[in-house]
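Just so it is clear, the structure is predicted and the values come from calculations on it, not from any experiment. Heads up: numbering here begins at 1 and tracks the sequence.
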Amino acid sequence: QVQLVEEGGGLVQPGGSLRLSCSAAGTRISRATVGWYRQAPGKEREFVVSIADTGTTDYADSVKGRFTISRDNAENAVFLQMNSLKPEDTAVYYCNARFSVDFDFWGQGTQVTVAR
């Protein structure tokens, strides 16, 4: 069985930083395209950033220049460094690992709140 666990969410002030992790159990995350998605109350889940097994990255325009995705195969995890956080970044952040078309897994989500 495969499990993804997101950690690192919390409450930060505008302009602050957080580092999220997506850890995999039961599979090798290095062979997957891993993406971060977020969902605010009453809104659809939206794409944030992804990293392919080749290392190619793709960022949403809303986070480009502020967020950085990285992979650590030794830890079997993917990380999301979030800087210059804004209140509109407030959402539940979800990790997704896709191994092939129509074969992927989701984590449970971690809450990020940006406010004074």
Side-chain angles (χ1 to χ4, degrees):
Q1 48 188 349
V2 176
Q3 288 188 351
L4 299 178
V5 178
E6 301 99 328
E7 295 181 341
L11 174 64
V12 296
Q13 297 183 23
S17 298
L18 279 176
R19 183 175 172 86
L20 307 183
S21 64
C22 174
S23 301
T27 190
R28 212 171 79 207
I29 203 168
S30 62
R31 290 295 184 178
T33 293
V34 178
W36 287 95
Y37 297 75
R38 65 188 183 187
Q39 187 168 23
K43 304 186 73 175
E44 285 190 15
R45 188 171 299 185
E46 67 174 345
F47 169 81
V48 178
V49 62
S50 67
I51 184 168
D53 55 356
T54 61
T56 300
T57 58
D58 186 20
Y59 291 86
D61 288 341
S62 60
V63 305
K64 197 170 297 182
R66 300 188 298 121
F67 291 10
T68 304
I69 191 170
S70 62
R71 186 193 302 268
D72 189 330
N73 292 333
E75 295 187 37
N76 204 29
V78 168
F79 302 92
L80 181 63
Q81 179 67 43
M82 305 186 296
N83 299 327
S84 302
L85 283 162
K86 306 173 181 179
E88 49 263 45
D89 295 318
T90 296
V92 177
Y93 283 70
Y94 296 91
C95 176
N96 174 269
R98 177 167 56 82
F99 296 87
S100 65
V101 176
D102 297 323
F103 185 61
D104 58 11
F105 301 89
W106 290 91
Q108 84 290 346
T110 185
Q111 176 71 49
V112 172
T113 303
V114 185
R116 294 181 177 271

Hey, could you give me the [atom1]/[atom2] distance between [X] and [Y], rounded to the nearest 0.5 Å?
{"X": "Arg71", "Y": "Asn76", "atom1": "CZ", "atom2": "CG", "answer": "9.5 Å"}
{"X": "Thr33", "Y": "Asp104", "atom1": "OG1", "atom2": "CG", "answer": "10.5 Å"}
{"X": "Glu75", "Y": "Ile29", "atom1": "CD", "atom2": "CD1", "answer": "11.0 Å"}
{"X": "Arg19", "Y": "Asn83", "atom1": "CZ", "atom2": "CG", "answer": "10.5 Å"}

hydrophobic_cluster_shared for [Y] and [X], side chain cutoff 4.5 Å:
{"X": "Leu80", "Y": "Leu85", "answer": "yes"}
{"X": "Val63", "Y": "Leu18", "answer": "yes"}
{"X": "Val12", "Y": "Val48", "answer": "yes"}
{"X": "Leu4", "Y": "Val34", "answer": "no"}
{"X": "Val114", "Y": "Val49", "answer": "yes"}

**Q.** Basic-acidic side-chain contact under 4.0 Å: Lys64, Asp61
**A.** yes

Q | Residue pair Ser70, Ile51: steps toward the side chain to side chain contact (heavy atoms under 4.5 Å, CB included) verdict | A | CA-CA 8 Å; Ser70 62; Ile51 184 168; 5.9 Å; no

Would you say that [X] contacts [Y] through its side chain, given a criterion of any heavy-atom pair below 4.5 Å between the two side chains?
{"X": "Cys95", "Y": "Trp106", "answer": "no"}
{"X": "Leu11", "Y": "Gln111", "answer": "no"}
{"X": "Gln81", "Y": "Ser17", "answer": "yes"}

When you measure from the side chain of [X] to the backbone of [Y], do you find a donor-acceptor pair of N or O atoms at a distance under 3.5 Å?
{"X": "Asn96", "Y": "Gly35", "answer": "no"}
{"X": "Asp72", "Y": "Ala77", "answer": "no"}
{"X": "Arg28", "Y": "Asn73", "answer": "no"}
{"X": "Gln39", "Y": "Ala91", "answer": "no"}

Q | Aromatic plane relationship, Phe99 with Phe103 - under 30° parallel, 30 to 60° tilted, over 60° perpendicular | A | tilted

Q.
Over 60° means perpendicular and under 30° means parallel, so tell me whether Tyr93 and Phe67 are parallel, tilted or perpendicular.
A. tilted

Q: Could you give me the CA-CA distance, side-chain angles and deciding distance for Leu20 and Met82, then say whether side chain to side chain contact (heavy atoms under 4.5 Å, CB included) is met?
A: CA-CA 8 Å; Leu20 307 183; Met82 305 186 296; 3.8 Å; yes

Q) What's the shortest heavy-atom distance between Ala97 and Ala32, and which atoms? A) CB-CB, 4.1 Å

Q: Could you walk me through whether Ile69 and Tyr59 pass side chain to side chain contact (heavy atoms under 4.5 Å, CB included), step by step?
A: CA-CA 9 Å; Ile69 191 170; Tyr59 291 86; 3.6 Å; yes

Q: Run the numbers on Cys22 and Phe79 for side chain to side chain contact (heavy atoms under 4.5 Å, CB included), then give the verdict.
A: CA-CA 6 Å; Cys22 174; Phe79 302 92; over 6 Å; no

